[in-house]
Structure formats: C-alpha cells, structure tokens
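Worksheet for the structure shown next.
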Amino acid sequence: MKELNRKKKKEHRWLILFAVILAVTAVLAAAVLMMLFRSYRKAVLDSQSDQLMNISESVANNLEVYLESFRELVEGLVVLDQFTEAREELLAGEEAAMRTFLTEIAGERTEEIVYLCYTASSGETCAVGEDRSYTLSKSMGAGGAFQETEIMVDGDGAYYFSLSASDGADGYLVLYVPLEMVYEKTASYIQMGENGYVMIKDSDGLILMHPVEEQIGMDVLADRKELYPDLDYSELETLIGNQLAGKSGVEIYYSYWWADDPPSRTQKVSAYLPVTIGDDFLIVSAVMDYSEIIGPVQSVGLRILLFSILLVLVLLAGVLFMWNTVTRRMKMERENAYLKEVNERLEQLRRQEEILSHQQRLQLIGTMTGGIAHEFNNLLTPIMGYSAMILSGMSEDDENYEDMQEILGSAEKAKEIIDQITQFSRKNAEKMFQPMHIGEAVKKALIITEAAKPRNITMVSEINTERDVCMGNPVQIHQMIVNLCNNAIHAMGTEPGTLTIRGAAMQPTRKQDPFFRGKEKKWFYRITVEDTGCGMSQETIDQIFIPFFTTKKPGEGTGLGLAIVQRLVEAHEGLICVHSEEGKGTCFVIYLPILEESQGIEVENYQ
C-alpha cells in the first residue's frame, strides 16, 4: 500500500509539474501570438502608408505633367508665325485674325480651356470667356519664359489656373483651365476604400480640389472652426501646420467627415507632399478612413485572441484527461519531437530547393552567355587580326591610319564587352573601377554610335566634361551608352528621328526618388539618352530590365541589353530611370556618383 501511495504521490507531482509546464506554454503561446499580431498590424499600416504616399506622388506627378502641357501650349503660341501675323493685324486695328487664331486653338480643347485671350495696350481679344468675371485668389509666381501662374475664382465659386506668357512686347496671352477639370484628369478617379479621397490645397490652406463640391473654396481650418467652433481641431491643426510648412509625410490623426450633418468624428490616415508651382506650392493629400485599414487587422486580432483562449482551454482539458497516464504524456512528447523534426526538415528542404533553383537559373544564363561570347569572339578574331596586320604595315602619316586604329580599338572594346557579358550570371563579378572622366568616356562611345547610325537618324550630343570624375570602368561605361543608343535607333526604325545624348553634373535638390534621399549634398553625373521613336506602354516599362525580355522580332535581339545596363549602373552605385509614352519617344536617365574631390564648377540642378 505504501508503495502504491508513493507511486500516486509521484504521479501527482508529475501531474502538477505537467500542469505548470502547460500553463507556461499557454502563456508563452499567447505572448507569441500577440507579438505576431502586432507585427502584422504594423506591416499592414506601413504597407497602406506607402500605398497612400505612392498615390500622392502619382497625383503630384500627374498634376505637374498636366499643367506643364498647358504651359508649353501658351508659351508655344506666342512664338508661332500665325500669332505674330495676327498680332500685327490687331495693332493695325484688325481684330478678326487674332480672334480666328485664338478660336482655332481653343476649339481643339474646349472642355479644358474656359478662357483664352490676348491682352495688349490696344485692348483685349478673346476666343472664349468674355462674358465671365474672374477674381484673383492667389499668385503662384513666375518662371522662365512662362510669366505668371495664378489661381482665379469666378462668381460661382469655381476655381481656375491662369497661365500667361508675354509676347516680348506689351502683350500677354492668357489661358484659364478649370480646376474641376484638372482634378478629374489627375485625381478624381482614384479609389481608396469606401471613403478615401484625394484633395488639393494651396499653401495658405484653401481647398482647391475636393470630391465634395461644398468643401471647395473653404479654408481647411478657419472656415471649419467658424462653422463648428465646438469641435476638437488639435490633431488636425498639427497636420495642417506640417502641410503649410511644405513638409511631406504620412500621419494618423482624428478629424471629421465634414460632409455629414453634423460632422461625425473619425480617425484618418493622410499621406501628403508639396508640389512646386512657380514660386509657390500646392499640397496634395491622399486621405483614407483609418477604420478601413485597421478593421480587418482587428478582426484577425480577435481571431488570434479566441484561438489563444481555445488553446488554453485545450491545454487545461489535456491536463484533466491525461492525469492518470504517463504513457500518453510520453507519447505526446514523442509526437511533438517528431513534428518539430519534420518541420525542420521541410524548412531545410525548402531552402535547398531555393538554392538549387537559383543555381539552375545561373547555369542556364552562364551557358547561353558562354555560347554567345564564343560566337562573337570567333567574329572578332579575324577583325582584330587583319586590322592589326594592316595597321602594322601603314605609316602614321597615312590618311587611313587613324580609321584603322579606331577599328582595332573598337574590336578590342567589343572583346572586353563580351568578357563583361560572360560575367552576367555571377553574384560577385570582379569590379575593376578607377577614377575616370565619365564625360570623355561617353564622347568616345558616341564616336562608334555616330559611325553606325542610319542616315535617317540625326544625332545631337551635349556632353559637359566639367566635374565628371567618377569611379568607373571605361569599358562598362562604353557598353552602357552603346546599348542605350542602339535601342533608341531601333525604336525609331526607318522613320526620320533625333537621338539626343546629354551629360552634365548635377546635385539633387528634391526627393522625387527614394534613391536620392539622404544624398541631397552629393553630386552626380547625369547621362540622358532620348529618342523620338515609338515609345513604350507602362506594361512594357515594368519588364524592360528583366533578362531575356524583348519587344524585338525573333533574331533581332536577345533581351539582355537593358538588363546588363542596369547591372552595370548598379555596380557603379548609380541609378537608371526611364520615362516613355507610346508614340512620343523614350528617355533613359543614368545617375553616377561623382568623387567628392571634384568640386568648384557650375552644374545644373536635378529636376
């Protein structure tokens, strides 16, 4: 009996120990689940914040592009011969020619232009807008040939962008664009949940564009305080203060749905940034209901909490059901150990599969590039051999001596480029960089491009060799330029076109790309390769740097050119961007960091 009691006491001690272990395990499991939940909530908020900021940046870019089109229109009109002739007739007392000219211009964009007039000392001639009365709301300042940007408001409370350009004498061409149309073109179509919207204010806090018409023309703080003096504006004041100071960012704050009567309090998320217009700026703000973001997250959190409670109950039930058998407990421990081992093996297998997949891709690329390099070397060998033989038998005074040197040098550079291609699939390709003049290297690359381009292509180059000292590889720089120029020539085809290559030092002054954030005081050498070819769709732009992706016909390209260019630019710690529009050409821009020792010259700013 004593032995039996001793065994029972021993079993009870094991039961208590087991219960404590299960309780601690349940608490730890709940803590881990809560940590996972918090991490998940933070990831969702960060992702949504990034998305809202991307929307704000997209609207800002659209707004700038849309206004720039009208700036180019009004500035371009005053230099047309038809405008000059109409102005001379107007000065002579004949208004018909000027009215006809303006009417034709306005007729092409009647939905966007509500006022188009020419004003001089002799009077005013309008195509549209004579019967309206406008009041100046805000002057945005001047810039270049573009004389003035103003925000106007008519008697109905509608707002307009006023764009004017001088004719060089005493006259001005003035064009009004309704902000309602600008909002429709740039932001109104964007969907952000059920209640999200994009609004645009001026630098004084006046609402210019908003999905709710009644909000347009209101001061974002003063007018609302006058209408609803008892509401809490503390967090909204902080947000508006940052916006009016020209800052950008993402904030979570308490505000109201102003379209409700009375306004209902809610928590919002806003991503905002300034858009420079003339000497002033506008504020673009993407706003979303915080509950639409956090609601699904809280639902997940509730499920986690319920799961944690269920887990504790299951564990406690396990204690009650397992108290009379050590065997069952040991069995569960063995099962847990087995499951842990299986999980570790599965994770190890997954990692091995990823490594194997990567190695297979590299092997495929290495095999292909090796074959390509071999074939090119076979073609370059006789070129280099015969050109060297001819060069050795020529006098330096021979008129063809420099041409033969250029042929031999180009073939040798091509051989070095083939060596670069064979390194494409290596993770840690050897970097042989040295201080060099990027501008001079670009000029040398353009010599080959000029000689190889078809007659229908006009090539324009503007290469500034001041402050162009970078750490680089001349062969790789040559390869970048030749690849981009060849792509541009192919895009223009047999139609007449212009290939423009520019190079100059610059310093970033705005944070339009995350690459430049924290680098505002550094200098970069910017290379642009621009063509007037067929352009690309956004879908094509998203894939152009993927190896083996090509829009060329079979046999015309391998799809490696731009992928290699991107790889080389990144190896130089630089950035490559592309801007393109179907039917309007393509522009590639490369930014390479300039050595800090190279200082003291005039440069152009990053726009």
Full working for side-chain contact (heavy atoms from CB on, under 4.5 Å) between Gln479 and Leu568: CA-CA 9 Å; Gln479 185 177 4; Leu568 297 180; 3.4 Å; yes

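- Side chain of Ser58 to backbone of Asn54: no donor-acceptor contact under 3.5 angstrom is found.
- In this structure, the side chains of Val475 and His478 stay at 4.5 Å or more apart for every pair of heavy atoms.
- Considering only heavy atoms from C-beta on, Leu575 comes within 4.5 Å of Cys577 through its side chain.
- Among Asp204, Thr149, Asp202, the single residue meeting the side-chain hydrogen bond (donor to acceptor under 3.5 Å, both in side chains) criterion with Lys138 is Asp204.
- Using a 4.5 Å heavy-atom threshold, the side chains of Ile463 and Arg502 count as separate.
- Gln434 places a side-chain heavy atom less than 4.5 Å from the side chain of Pro474.
- In this structure, Ser162 contributes its side chain and Ile151 its backbone to no donor-acceptor pair below 3.5 Å.
- The side-chain heavy atoms of Leu595 and Cys470, taken from C-beta on, include no pair separated by under 4.5 Å.
- The line from OG1 of Thr532 to CD1 of Ile457 is 6.5 Å long, rounded to the nearest 0.5 Å.
- Inspection of the Asn456 and Glu495 side chains reveals no N or O donor paired with an N or O acceptor under 3.5 Å.
- The ring-ring contact (aromatic ring centres under 6.0 Å, His included) check on Phe70 picks up Tyr66, with sequence neighbours excluded.
- One side chain, Asp542 or Gln538, offers a donor N or O that lies under 3.5 Å from an acceptor on the other.
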Test side-chain contact (heavy atoms from CB on, under 4.5 Å) applied to Gln243 and Ser285, step by step: CA-CA 9 Å; Gln243 292 179 348; Ser285 177; 3.8 Å; yes

side-chain contact (heavy atoms from CB on, under 4.5 Å) between Tyr591 and Met506, worked out: CA-CA 9 Å; Tyr591 300 93; Met506 51 75 69; 3.9 Å; yes

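- Taking the side chain as every heavy atom from C-beta outward, Gln405 and Leu391 approach each other to under 4.5 Å.
- Taking 4.5 Å as the limit, every side-chain heavy atom of Thr528 sits out of range of all side-chain heavy atoms of Phe588.
- In this structure, the ring of Tyr118 has its center no less than 6.0 angstrom from the ring center of Phe101.
- For the pair Met436 and Ile477, the minimum side-chain heavy-atom distance is below 4.5 Å.
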Derivation and outcome, side-chain contact (heavy atoms from CB on, under 4.5 Å), residues Ile501 and Glu530: CA-CA 6 Å; Ile501 302 95; Glu530 184 174 5; over 6 Å; no

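- Between the side chains of Tyr272 and Glu251, at least one donor N or O lies within less than 3.5 Å of an accepting N or O.
- Here CE of Met480 is found 8.5 Å from CD1 of Ile576. Values are rounded to the nearest 0.5 Å.
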